[in-house]
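So that the names make sense, note that chain A is the first sequence line, chain B the second, and so on, each numbered from 1.
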Amino acid sequence: MKFIDCNEYIKIEYESEFNFDHCMVYLDRSDIECMHRVKDNELYKLIKVDNILILFKVIAENNAIKISFLNTIPTMLIKEKIARYVWSMFDLDTDIQQFYDKVKEDKILKILINRYRGLRIIKINDLFEGLCWAIIGQQINLKFAYTLKKRLVEKYGEKLTFEGINYFIFPTPDIISQIKVEDLRKLQFTKRKSEYLIGVAKLFDDGTINKQKLLLQNDYKKIHNVLTSIRGIGNWTADYTILKCLNINCAFPIADAGIHNALKIILNTSEKPTLDEIRIMSENWQGWEAYATFYIWRYLYD
DNA sequence: ATCCAGGAACTGT
DNA sequence: ACAGTTCATGGA
């Protein structure tokens with residue numbers, strides 16, 4: 001990844017297949033998303049780098065991603081970190097051609113990869129945020145999940161106001177580990193969900209778990225085992241989080257309701273497919289289940 | 001108003 | 001190992 005510095009903005013050039021617009025549809029799927037903002041096909045995001053809040057705007061223009069800095073012009077070192085952040089957020093390290101080659105004859109995916117060519121998994125770079133989001137999303141509809149996340153972030157996350165609009169940083173483990181179940185109950189989290197979130201925050205806060213440590217396992221199954229040994233993290237949450245946070249493309253949240261609903265529509269069946277039916281369908285996707293999942297999800301947002 | 005959806009832990013077999 | 005139950009809410 002190399003970038004060109006133009007002072008108030010930087011440009012990252014990419015050579016592999018990438019379609020910013022297909023990604024933006026996914027990013028714009030909720031109007032109460034609080035971790036970024038989409039306006040006029042531009043992405044606004046606040047992140048904290050080296051303890052400095054940086055608000056930036058991302059657009060695509062001829063084989064490059066343009067990142068403009070809004071609240072401050074960062075140092076070169078920070079610019080480089082932001083470039084890497086955005087690169088990783090759009091999963092530009094993945095050789096997507098391998099996925100296309102793998103599934104080009106697959107009954108379901110051949111349609112999706114033609115329709116959404118260049119779509120990449122939108123990552124949550126922060127593992128703690130990714131795990132919390134997965135836990136929040138357990139067992140409830142997406143809309144309510146977004147409502148709960150917004151309440152959590154607005155109450156406990158760091159805020160920057162720019163041109164009258166508030167942007168937030170996801171609350172840190174340090175903060176969440178110190179709050180009480182009753183505090184989250186007030187925000188309409190269930191007792192269990194509150195316990196799970198606070199428990200996970202404690203594990204991050206005391207250093208038991210972090211992204212680097214987890215990646216040391218260097219193996220999907222081992223990482224999956226580490227995650228599911230944590231209270232509140234079952235198969236679905238572990239696979240969802242691996243898909244969203246790590247570069248492991250065999251993660252497959254097979255029990256996901258979104259996958260089931262999308263497949264029912266795509267296959268035009270009266271019932272949602274059973275787990276066994278999905279297992280059979282997904283034999284063609286081996287090694288690329290995460291991408292298959294993301295392309296199937298994307299179908300829900302047309 | 002009633003029923004269903006939907007992940008994980010827990011309980012019982 | 002496996003089936004049934006509980007949690008607690010929004011949405012149909």
Side-chain angles (χ1 to χ4, degrees), chain A residues 29-34 124 127-156 173 176-177 179-204 208-209 214 220-246 248 250-279 281-282 289-290 292-294 296-301:
Chain A
R29 73 202 157 119
S30 168
D31 49 14
I32 53 169
E33 171 65 72
C34 57
I124 298 171
L127 178 65
F128 176 65
E129 179 189 334
L131 267 177
C132 289
W133 174 232
I135 291 168
I136 291 170
Q138 288 169 1
Q139 202 211 356
I140 56 174
N141 63 69
L142 247 196
K143 193 180 173 204
F144 187 46
Y146 274 111
T147 302
L148 289 179
K149 180 168 81 166
K150 190 163 191 279
R151 288 178 188 158
L152 181 77
V153 167
E154 288 183 348
K155 178 142 188 196
Y156 298 106
I176 303 295
S177 64
I179 64 180
K180 299 282 166 257
V181 168
E182 305 80 72
D183 298 322
L184 290 178
R185 289 288 296 130
K186 280 180 212 147
L187 306 183
Q188 265 183 302
F189 285 72
T190 62
K191 184 165 172 281
R192 287 220 183 123
K193 215 167 261 197
S194 307
E195 290 166 359
Y196 299 164
L197 286 174
I198 293 165
V200 167
K202 282 182 174 155
L203 294 176
F204 273 80
T208 306
I209 184 173
L214 195 64
Y220 163 73
K221 278 200 174 136
K222 285 183 192 162
I223 290 175
H224 193 276
N225 276 340
V226 171
L227 291 175
T228 50
S229 68
I230 299 167
R231 183 166 182 268
I233 301 179
N235 287 331
W236 176 85
T237 307
D239 281 314
Y240 180 91
T241 306
I242 294 170
L243 182 159
K244 284 294 282 181
C245 301
L246 309 177
I248 296 176
C250 62
F252 191 25
I254 191 165
D256 184 77
I259 296 178
H260 302 168
N261 294 331
L263 284 176
K264 178 172 178 282
I265 303 169
I266 295 167
L267 299 166
N268 194 26
T269 48
S270 56
E271 297 297 326
K272 288 184 269 190
T274 64
L275 290 185
D276 280 338
E277 284 166 347
I278 299 174
R279 280 189 197 102
M281 290 175 217
S282 63
E289 291 89 341
T293 299
F294 203 74
I296 291 167
W297 280 340
R298 176 63 183 74
Y299 192 80
L300 295 168
Y301 305 113

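Residue A/N261 has a polar side-chain atom (N or O) positioned under 4.0 Å from OP1 or OP2 of B/dG6. One finds a side-chain N or O of A/K272 lying less than 4.0 angstrom from the OP1 or OP2 phosphate oxygen of B/dG6.
Atom CD1 of A/I135 is separated from atom C1' of C/dT9 by 18 Å (rounded to the nearest Å). The CG atom of A/N235 sits 10 Å away from the C1' atom of B/dA8 (whole-angstrom rounding). In this structure, the CD atom of A/Q138 is 19 Å from the P atom of B/dA5, given to the nearest Å. Rounded to whole angstrom, the span from the CG atom of A/L227 across to the P atom of B/dA8 amounts to 11 Å. The separation between A/Y240 atom OH and B/dG7 atom C1' is 14 Å, rounded to whole Å. The nearest whole Å value for the distance from the CD atom in A/E195 to the C1' atom in C/dA8 is 13 Å. A/F144 has its CZ atom 16 Å from the C1' atom of C/dA12, to the nearest Å. Protein atom CH2 of A/W133 is 12 Å distant from nucleotide atom P of B/dG7, rounded to whole Å.
Between A/Y220 and A/D239, the side chains place a donor N or O and an acceptor N or O closer than 3.5 Å (distance only, hydrogens not considered).
Note on A/D239: nothing from the nucleic acid sits closer than 4.0 angstrom, heavy atoms only. Counting non-hydrogen atoms under 4.0 angstrom, A/T147 reaches nothing in the nucleic acid.
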Hey, what are the protein-to-nucleotides 9-13 of chain B N/O distances that come in under 3.5 Å?
{"from": "B/dA9", "atom 1": "OP1", "to": "A/G232", "atom 2": "N", "distance (Å)": "2.4"}
{"from": "B/dA9", "atom 1": "OP1", "to": "A/I233", "atom 2": "N", "distance (Å)": "3.4"}

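Residues A/P253 and A/L243 meet the side-chain proximity criterion, which asks for heavy atoms closer than 4.5 Å. A/L127 places a side-chain heavy atom less than 4.5 Å from the side chain of A/L214. Using a 4.5 Å heavy-atom cutoff, the side chains of A/F252 and A/I278 are in contact.
Taking atom P on both nucleotides, C/dA8 is separated from B/dT11 by 14 Å, rounded to a whole Å.
Proximity of a side-chain donor or acceptor of A/E277 to a complementary backbone N or O of A/T274 within less than 3.5 Å is detected. With A/K193 contributing its side chain and A/Q138 its backbone, the two residues share a donor-acceptor pair below 3.5 Å.
Applying the 3.5 Å distance criterion, the base of B/dG7 shares a donor-acceptor pair with the side chain of A/Q139.
Of all nucleotides listed (C/dC7, C/dG11, C/dT9), C/dG11 comes nearest to the side chain of A/K143. Picking from C/dA8, B/dG6, B/dA8 the nucleotide with the shortest atom distance to the side chain of A/T237 gives B/dA8.
Within 6.0 Å of atom NZ in A/K155, more than 12 heavy atoms from other residues, nucleotides or ligands are found, so the atom counts as buried in its surroundings.
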